[in-house]
Protein chains: 2
Amino acid sequence: MPRAGLTPQRIVEAAVDLVDTAGLDRLSVSALARGFGVKDASLYSHIRGLADLRARLAVHCAAEFADRIGSAVAGRSGRDALAAFAGAYRDYAVSHPGRYAATQLELPPEVLAGSPGHAALVEHTYLLLRPYALAEPDGTDAVRLLRSTFHGFAALEATGAFHAAREVPASWNRIVEALHTLLTNWPPTPTHP
Amino acid sequence: MPRAGLTPQRIVEAAVDLVDTAGLDRLSVSALARGFGVKDASLYSHIRGLADLRARLAVHCAAEFADRIGSAVAGRSGRDALAAFAGAYRDYAVSHPGRYAATQLELPPEVLAGSPGHAALVEHTYLLLRPYALAEPDGTDAVRLLRSTFHGFAALEATGAFHAAREVPASWNRIVEALHTLLTNWPPTPTHP
DNA sequence: TAGATTTCCTAGACCCTCTAGGCAAACCTA
DNA sequence: TAGGTTTGCCTAGAGGGTCTAGGAAATCTA
């Protein structure tokens with residue numbers, strides 16, 4: 001009986017393919033084993049289980065996602081950087097919904113702490129906001145606004161929640177424009193009368 | 001053998017409780033049957049299956065969610081209405097994460113079309129934007145912005161994605177303020193040079 | 001080449017969805 | 001109130017999922 005040549009890396013790559021075509025919720029140890037022509041139990045010598053596999057997938061996809069965004073924003077700043085960031089973001093989410101969903105998986109703190117991709121994503125977002133010169137806590141609030149809007153849009157688009165006639169990419173571009181306007185005119189802290 | 005008194009309504013109510021305490025991903029026909037002290041197969045006389053149960057749950061929770069938002073915005077408009085909408089939105093998402101997640105489930109078109117709660121949620125959002133007097137397609141873009149930001153924030157908060165020291169509710173309030181500013185100064189359609 | 005290690009296997013426990021078919025309780029109706 | 005009908009819950013079982021324990025073969029290493 002020849003060996004199938006399984007490794008954690010190959011298993012994660014197979015998981016990426018599976019998630020890309022079938023969706024994150026269809027990811028299973030069984031399905032991967034079938035793909036390798038191997039019994040389910042064989043995979044457990046390489047990964048600890050489904051939770052471990054999902055964590056590895058999340059770390060892998062976050063790194064890929066952060067890379068694409070990093071390339072897009074390289075050498076740009078201000079409105080240009082924001083547009084490039086947003087373009088790369090939606091492009092990834094639309095063309096690889098399963099991978100994008102993986103980047104948003106909830107992870108155990110120790111896994112998250114050891115994921116360069118997740119750290120890079122946060123870092124890219126903070127750098128993006130530098131030209132807007134927001135003092136804390138406004139900077140953090142603005143980061144959270146951007147993350148929320150981008151992720152929310154991607155999530156809603158992925159579940160088919162936008163039904164109006166308006167083309168979705170046009171809305172996206174307009175929203176990015178609006179966010180730029182907002183960041184350049186960030187409202188002052190409200191005072192209590 | 002006395003009957004357990006199952007009905008679709010009671011099953012959906014049990015599903016609401018389960019989802020509230022265990023999370024949407026733990027919802028299963030088996031767990032509900034255990035709760036009723038009944039065999040799995042018994043539930044299939046009342047619901048078609050798990051997909052049907054999830055759809056009913058989504059419709060139920062969307063109606064509840066829309067009600068709360070409707071009560072919150074009643075008699076208000078402009079900034080007040082936006083703040084009330086946002087407050088009710090986050091309150092529901094934070095205090096009932098499982099129910100909120102259910103309102104965001106992807107549904108077959110015919111189910112969605114027959115869900116008053118989902119329709120009311122969209123309607124509330126459009127009404128909210130009336131005072132800002134945005135012509136189409138700006139109105140649709142603004143609706144999509146609000147939905148994206150609110151849902152994205154709720155989703156990220158639910159997965160524990162906000163790690164900065166800044167208190168999450170403070171960010172939420174600030175973001176709502178910022179959105180009000182943005183809606184009152186919606187940028188003009190960019191012209192191509 | 002012998003021993004140690006790794007890889008994949010079989011077997012099986014346990015949980016899940018869902019269907020088919022049966023029996024008895026609850027409800028009608030005469 | 002006795003008959004039949006409908007309904008509610010049952011048993012049995014197929015099929016798919018995760019995961020563990022322990023065994024045998026392929027591969028590495030001394």
Side-chain angles (χ1 to χ4, degrees), chain A residues 1-61 98 101-102 105-108 110-111, chain B residues 1-61 98 101-102 105-108 110-111:
Chain A
M1 56 184 76
R3 296 190 175 178
L6 301 180
T7 65
Q9 290 72 30
R10 286 195 61 200
I11 293 174
V12 169
E13 283 161 22
V16 169
D17 290 347
L18 177 60
V19 142
D20 243 15
T21 57
L24 183 60
D25 48 335
R26 293 269 182 85
L27 176 64
S28 71
V29 176
S30 286
L32 289 182
R34 266 195 301 278
F36 282 112
V38 137
K39 297 296 173 183
D40 299 10
S42 305
L43 296 191
Y44 288 84
S45 309
H46 305 276
I47 54 169
R48 275 194 294 278
L50 182 60
D52 179 43
L53 175 62
R54 287 163 63 95
R56 288 173 191 261
L57 178 68
V59 169
H60 176 94
C61 291
L105 281 172
E106 189 169 2
L107 296 178
E110 66 277 12
V111 175
Chain B
M1 61 182 74
R3 297 192 174 176
L6 300 181
T7 65
Q9 291 73 29
R10 287 196 61 201
I11 293 173
V12 170
E13 284 162 20
V16 169
D17 290 347
L18 178 60
V19 142
D20 243 16
T21 57
L24 182 61
D25 48 336
R26 294 269 183 84
L27 176 64
S28 71
V29 177
S30 286
L32 290 182
R34 266 194 303 277
F36 282 112
V38 137
K39 298 295 172 187
D40 299 10
S42 304
L43 295 191
Y44 288 85
S45 309
H46 305 277
I47 55 169
R48 276 194 295 277
L50 183 60
D52 179 43
L53 175 62
R54 287 163 63 95
R56 288 172 191 259
L57 179 67
V59 170
H60 176 94
C61 291
L105 280 173
E106 189 167 2
L107 296 177
E110 67 277 11
V111 174

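What you see is a predicted model; the values in this text were computed from it and never measured. A note on names: the letters A, B, ... follow the listed sequences, proteins ahead of strands, and every chain is numbered from 1.
When distances are taken from the side chain of A:Val38 to each of C:dC16, C:dC9, D:dT11, the shortest belongs to C:dC9. Proximity note for A:Ala41 (side chain, C-beta onward) versus D:dG17, D:dT20, C:dT19: the nearest is D:dT20.
B:His60 NE2 to B:Gln9 CD: the interatomic distance, rounded to the nearest 0.5 Å, is 10.5 Å. The line from CG of B:Leu53 to OG of B:Ser28 is 9.0 Å long, rounded to the nearest 0.5 Å. One finds the OG atom of A:Ser42 at 12.5 Å from the CG atom of A:Leu32 (value rounded to the nearest 0.5 Å). Separating the NE2 atom in A:His46 from the CD1 atom in A:Ile11 is a distance of 5.5 Å, to the nearest 0.5 Å.
Within the nucleic acid shown, B:Ala31 has no heavy atom closer than 4.0 Å to any nucleic acid atom.
For B:Arg48 and C:dT19, the shortest distance from a side-chain N or O to OP1 or OP2 is not below 4.0 Å. At the phosphate of C:dC8, OP1 or OP2 sits under 4.0 Å from a side-chain N or O atom of A:His46. Side-chain N/O atoms of A:Ser28 include none lying less than 4.0 angstrom from OP1 or OP2 on D:dG16. The phosphate of D:dT7 (OP1 or OP2) has no side-chain N or O of B:Ser45 nearer than 4.0 angstrom. A close approach under 4.0 Å does not occur between any side-chain nitrogen or oxygen of B:Ser42 and OP1 or OP2 of D:dG8.
C:dT17 atom P lies 9 Å from atom CZ of B:Arg34, rounded to whole Å. Going from atom CD of A:Gln9 over to atom P of C:dT7 covers 11 Å, rounded to whole Å. Atom pair A:Leu43:CG and C:dT6:C1' shows a separation of 15 Å (rounding to whole Å applied). In this entry the distance linking CZ of A:Arg26 with C1' of D:dG17 reads 14 Å, nearest Å. One can place CG of B:Leu53 at 14 Å from P of C:dC16, the figure rounded to the nearest angstrom. A straight line from NZ of B:Lys39 to P of C:dC18 spans 18 Å, rounded to a whole angstrom. A straight line from OH of A:Tyr44 to P of D:dG17 spans 11 Å, rounded to a whole angstrom. Between A:Asp40 atom CG and D:dT20 atom P there is a gap of 13 Å when expressed in whole angstrom units.
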*Given side chain to side chain contact (heavy atoms under 4.5 Å, CB included), test B:Leu27 with B:Arg54 step by step and report yes or no.*
CA-CA 8 Å; B:Leu27 176 64; B:Arg54 287 163 63 95; 4.0 Å; yes
